[in-house]
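What follows is a short report on a single structure.
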Number of protein chains: 2
Amino acid sequence: MPDLAAEDRSHGPYSFERPSVSVDVVIFTLREGDLQVLLIRRRNDPFSGQWAIPGGFVEIDESLEAAALRELEEETGVKDVYIEQLYTFGKPDRDPRMRVITVAYIALVPENALPPIRAGDDAAEARWWSMYDLPSLAFDHADILDYALTRLRYKLEYTAVGFELLPIEFTLSELQAAYETILGETLDRGNFRKKLRRAEVVEATLGFQTTGGRPARLYRFRDDAVAEVKARRLFP
Amino acid sequence: MPDLAAEDRSHGPYSFERPSVSVDVVIFTLREGDLQVLLIRRRNDPFSGQWAIPGGFVEIDESLEAAALRELEEETGVKDVYIEQLYTFGKPDRDPRMRVITVAYIALVPENALPPIRAGDDAAEARWWSMYDLPSLAFDHADILDYALTRLRYKLEYTAVGFELLPIEFTLSELQAAYETILGETLDRGNFRKKLRRAEVVEATLGFQTTGGRPARLYRFRDDAVAEVKARRLFP
DNA sequence: TAAATAGTGTCTCTTAGACAATATTAT
DNA sequence: ATAATATTGTCTAAGAGACACTATTTA
């Protein structure tokens, strides 16, 4: 931290020369057998009519994470979900109006926890888009989504973060389908299950689910695996 | 991105209610067979006399990375080194004077590229500290250092980032010692070399270095491994 | 019975880790 | 020769990937 007195002229409370800070939230869910992301269509310039990641400015007395959760709830009505800081984007010209530094977050929301989407005040429209078929995006939001997908895939491989996208109980075939959708590749059934057994992240329940063939056992994530993800959540 | 017009009252150019943004740079080097970090002793309140990570406010027209590189050069005279964004810390009360959101960076500097350290204007003193024997720190800087070490260790395991801390040519024993110092554990010689061979990140040069026993061959990092790290640098 | 889906087992190759053996220098 | 350090190899166990086999349901 610099000494404030030495820099008051350019950064003290009476200066106008300071950047604004926003949070943008990349909201992922699994819908229609697809990895989808919630985007809003901008009502005003710049980029009026273009699609963008939901976000907003950080209030003076709220933490970055609180701001991201607030924006998430304002846009979707969703609370109590997994969010994680992604990266801070700060090129001086990323917003043509003024200097805006944005702290990007990822949110993972299970489909069954999603209320119907409604557009907020500042959006002409809000809807889900497939991550694999995106529209043209405002600002540097295409970069942010690119990186968000990279990070999500990465985390999926070495943590149990996938449970944040699934209902409480699920079949292993459903879990595998979720992994395949997110990773963008097919996985071997036997090896996938072997890996799950070794990792000890899921446990069988007593229930079954009929599927058209042999009924599938229902599983849930183990409490300790969930706890580990939640612990990492606060401080990656 | 939010719509600006709808929020001008609290965040437009005439508002005083916006956070300041700073960058803090955790500068690592290997010195005296130790992993060390450069800290400055604060000249002014708050935390006057306490040690802190060097940093400063982001200028209105410079990118975050440019700000981090500028601060690094102002504090140490070092240019052209590896830096990487670590995390953005934004709790409202992390600075008792005012709201400051700080984007933390990691810099890796080889000892032989370091000029003698001099304290900048805003510091009473500047010196290297062992990461394993740190003083009490101002602000939330202990958290930042903690996380920086975690990230450094992590990157060391899966990238060739170590070369940023070593001279151009080095023996494999020196490289192993560097890894051991950073990871805080001893490694098996044979397995370490086997892993290096498989990873194809280093290549032998023609030189040797006398060591008191059998002379050790000098190695350098392969260009493509270095290029990969540099490519990741801009956008993790 | 056939089709569909669930679940398990086996083989091979790679890798990680522990540890032993050999090589080359200085004293 | 001995000490010191460098370099390579060997054994074993664990893990990843390809693929085949068995199980249980519906139509």
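Here the structure is a predicted model, which is why all the values come from computation and not from measurement. Within every chain, numbering begins at 1; the chains are lettered A, B, ... in the order of the sequence lines, protein sequences first and strands thereafter.
Atom CZ in B:Phe170 sits about 14 Å away from atom P in D:dA6, given to the nearest Å. Atom CG in B:Leu175 sits about 12 Å away from atom P in D:dT7, given to the nearest Å. The nearest whole Å value for the distance from the OH atom in A:Tyr219 to the P atom in C:dA6 is 12 Å. With rounding to whole Å, A:Arg214 atom CZ is found 18 Å from D:dA27 atom P. Atom CG in A:Leu187 sits roughly 13 Å away from atom P in D:dA16 (whole-Å rounding). The interatomic distance linking A:Tyr179 (OH) with D:dA16 (P) rounds to 13 Å, in whole Å. One interatomic measurement links the two molecules: CZ of B:Arg198 to C1' of D:dT8, which rounds to 15 Å at whole-angstrom precision. At whole-Å resolution of the value, CD in A:Gln209 and P in C:dA6 are 9 Å apart.
Side-chain N/O atoms of A:Asn191 and base N/O atoms of D:dA18 include a donor-acceptor pair closer than 3.5 Å. For a distance-only test at 3.5 Å, the side chain of A:Lys194 qualifies as a donor-acceptor partner of the base of D:dG17.
Listed pair A:Ser173 / C:dA6 meets the phosphate criterion, a side-chain N or O lying under 4.0 Å from OP1 or OP2. Contact between the side-chain N/O atoms of B:Arg217 and the OP1/OP2 oxygens of C:dT24 is not found at any separation under 4.0 Å. Distances shown here put every side-chain N or O of B:Arg189 at or beyond 4.0 Å from the OP1 or OP2 atom of D:dT5. The phosphate of C:dT8 has OP1 or OP2 within less than 4.0 Å of a side-chain N or O from A:Arg197.
When each of D:dT24, C:dT5, D:dA6 is scored by its nearest atom to the side-chain atoms of B:Thr211, the top-ranked nucleotide is D:dA6. Considering only side-chain atoms of A:Ala216, the nucleotide from C:dT15, C:dG7, D:dT7 that sits closest is C:dG7. The listed nucleotides are D:dA16, C:dC19, C:dT25; the one nearest the side chain of B:Asp188 is C:dC19.
Note on ring orientation: taking the six-membered ring where Trp is involved, the planes of A:His141 and A:Phe139 are tilted (angle from 30° to 60°). Under the 30°/60° scheme for interplanar angles, the aromatic rings of A:Phe170 and A:Phe221 are found to be tilted.
Annotation: side chain of B:Leu196 is not in contact with side chain of B:Tyr179 (no heavy-atom distance under 4.5 Å). Side-chain contact between A:Leu30 and A:Ile182: present, with at least one pair of heavy atoms (C-beta onward) separated by less than 4.5 Å.
Closest-nucleotide positions on DNA chain C for A:Gly212 and A:Phe208 were compared, and the one nearer the 5' end corresponds to A:Gly212. With the nearest nucleotide of DNA chain D identified for both A:Gly213 and A:Gly190, A:Gly190 has the one nearer the 5' end.
Between the A:Asp188 side chain and the A:Gly190 main chain, a donor and an acceptor come within less than 3.5 Å of each other.
A:Arg193 comes within contact range of at least one nucleobase, with a heavy-atom separation under 4.0 Å.
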